[in-house]
Amino acid sequence: MAQLRIWGRANSVNVQKVLWCCGELGIPFERLDAGMQYGQVDTAEYRAMNPNGRIPTLVDGDVVLWESHAILRYLALREIERQPGQEQRLLYPAAAAARARVERWLDWVLSTLQPAERNLFWGMVRTKPEDRDMAVINAAAEASASVWRVLDAHLAHGHPFVEGDALTLADIALGAYARRWFGIDIPGKPQLPRLDAWYGRLTQRPAFQQFVAPPLT
Ligand SMILES: N[C@@H](CCC(=O)N[C@@H](CS)C(=O)NCC(=O)O)C(=O)O
């Protein structure tokens with residue numbers, strides 16, 4: 001069977017989620033640079049795969065997918081089909097309630113976390129210091145802190161991962177953004193000890209270290 005292909009530059013948070021997920025599941029893949037300085041995304045060939053001209057895009061034989069969380073779900077379900085009964089190990093619980101608890105965080109990352117943190121990341125990482133609008137950045141830092149407080153409070157459940165004792169897709173989607181939060185130095189960040197401890201556990205994972213931990217650019 002042809003190797004799975006993932007289009008997208010390695011420093012994109014949405015690509016990183018997908019690479020990390022492949023690493024956790026032991027799925028081999030080939031990554032092809034696309035987006036920002038690599039271009040590709042405006043070519044007719046790329047738009048035929050992904051009409052949004054965004055990254056990531058996944059190609060698995062005749063399955064072509066865009067939207068990082070749809071790709072995460074697909075990768076987990078693809079492994080579950082191949083290894084029935086292994087859901088606990090495969091990032092995506094089977095029972096309705098357990099799966100829905102994972103799904104809510106996947107939705108929350110796209111609807112709530114990503115919009116709150118975007119200007120913090122872009123302002124501090126992708127803008128030269130002399131060009132930064134600190135009012136916009138500080139507002140985004142405050143908005144991000146409020147959002148991360150929600151996860152910190154949730155982690156009072158005392159389990160090592162977001163939805164229990166096993167890593168799930170929720171940890172991957174949230175953890176990719178946590179890398180940015182912990183990697184950006186800005187005054188006034190709140191102390192969030194449960195979030196720190198959870199993030200510390202993620203940083204021990206080889207696939208996180210390989211695909212998500214590299215310097216923010
Ligand atoms: N909701 C989409 C967002 C995709 C997206 O906006 N990706 C960014 C990179 S993180 C992108 O394509 N940026 C333009 C570029 O790199 O050229 C997803 O989760 O996949």
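One-based numbering, in listed order, for ligands and for the atoms of each. Note that these values count all heavy atoms, side chains included, but never hydrogens, waters or copies made by symmetry.
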> Does Tyr74 reach the side chain of Arg78, with side-chain heavy atoms less than 4.5 Å apart?
Replying inline: yes
> Counting heavy atoms only, which of Ser12, Gly35, Ala173 comes nearest to atom 10 (S) of ligand 1?
Replying inline: Ser12
> With atoms numbered from 1 as shown, which atoms in ligand 1 lie under 4.0 angstrom from a non-hydrogen atom of Pro56?
Replying inline: 20 (O)
>> Does either side chain, that of Tyr92 or that of Glu103, offer a donor lying less than 3.5 Å from an acceptor on the other one?
In response: yes
> So which protein heavy atom does atom 1 (N) of ligand 1 come closest to, and at what separation?
Replying inline: Glu67 OE1, 2.8 Å
> So which of Arg54, Gln40, Gln16 gets nearest to atom 13 (N) of ligand 1, if we judge by its closest heavy atom?
Replying inline: Arg54
>> Distance check, rounded to the nearest 0.5 Å: Thr168 atom OG1 versus Glu24 atom CD?
In response: 10.5 Å
>> Students often mix this up, so state it plainly: with edges at 30° and 60°, are the rings of Phe211 and Phe29 parallel, tilted or perpendicular?
In response: tilted
> Of all the non-hydrogen atoms in the protein, which one sits nearest to atom 20 (O) of ligand 1, and at what distance?
Replying inline: Ser68 N, 2.8 Å
> Just distances here: any N/O of Lys17 and N/O of ligand 1 closer than 3.5 Å?
Replying inline: no
>> Just to confirm my output: which protein heavy-atom neighbour is closest to atom 12 (O) of ligand 1, and how far is it?
In response: Ile55 N, 2.9 Å
>> I'd like to check Ile172 versus Phe208 (side-chain heavy atoms, cut-off strictly below 4.5 Å). Are they in contact?
In response: no
> Which residue owns the protein heavy atom closest to atom 15 (C) of ligand 1, what's the atom, and how far is it?
Replying inline: Met36 N, 3.5 Å
> For atom 3 (C) of ligand 1, what's the nearest protein heavy atom and its distance?
Replying inline: Asn14 ND2, 3.7 Å
> Should Trp148 and Leu113 be marked as a side chain to side chain contact (heavy atoms under 4.5 Å, CB included) after you check the CA-CA gap, both sets of side-chain angles, and the distance that decides it?
Replying inline: CA-CA 8 Å; Trp148 287 118; Leu113 172 59; 3.7 Å; yes
>> Under a plain distance cut-off of 3.5 Å, with no hydrogens placed, do Gln40 and Trp7 share a side-chain donor-acceptor pair?
In response: no
> Heavy-atom contacts under 4.0 Å between Arg9 and ligand 1: side chain, backbone, both, or neither?
Replying inline: side chain
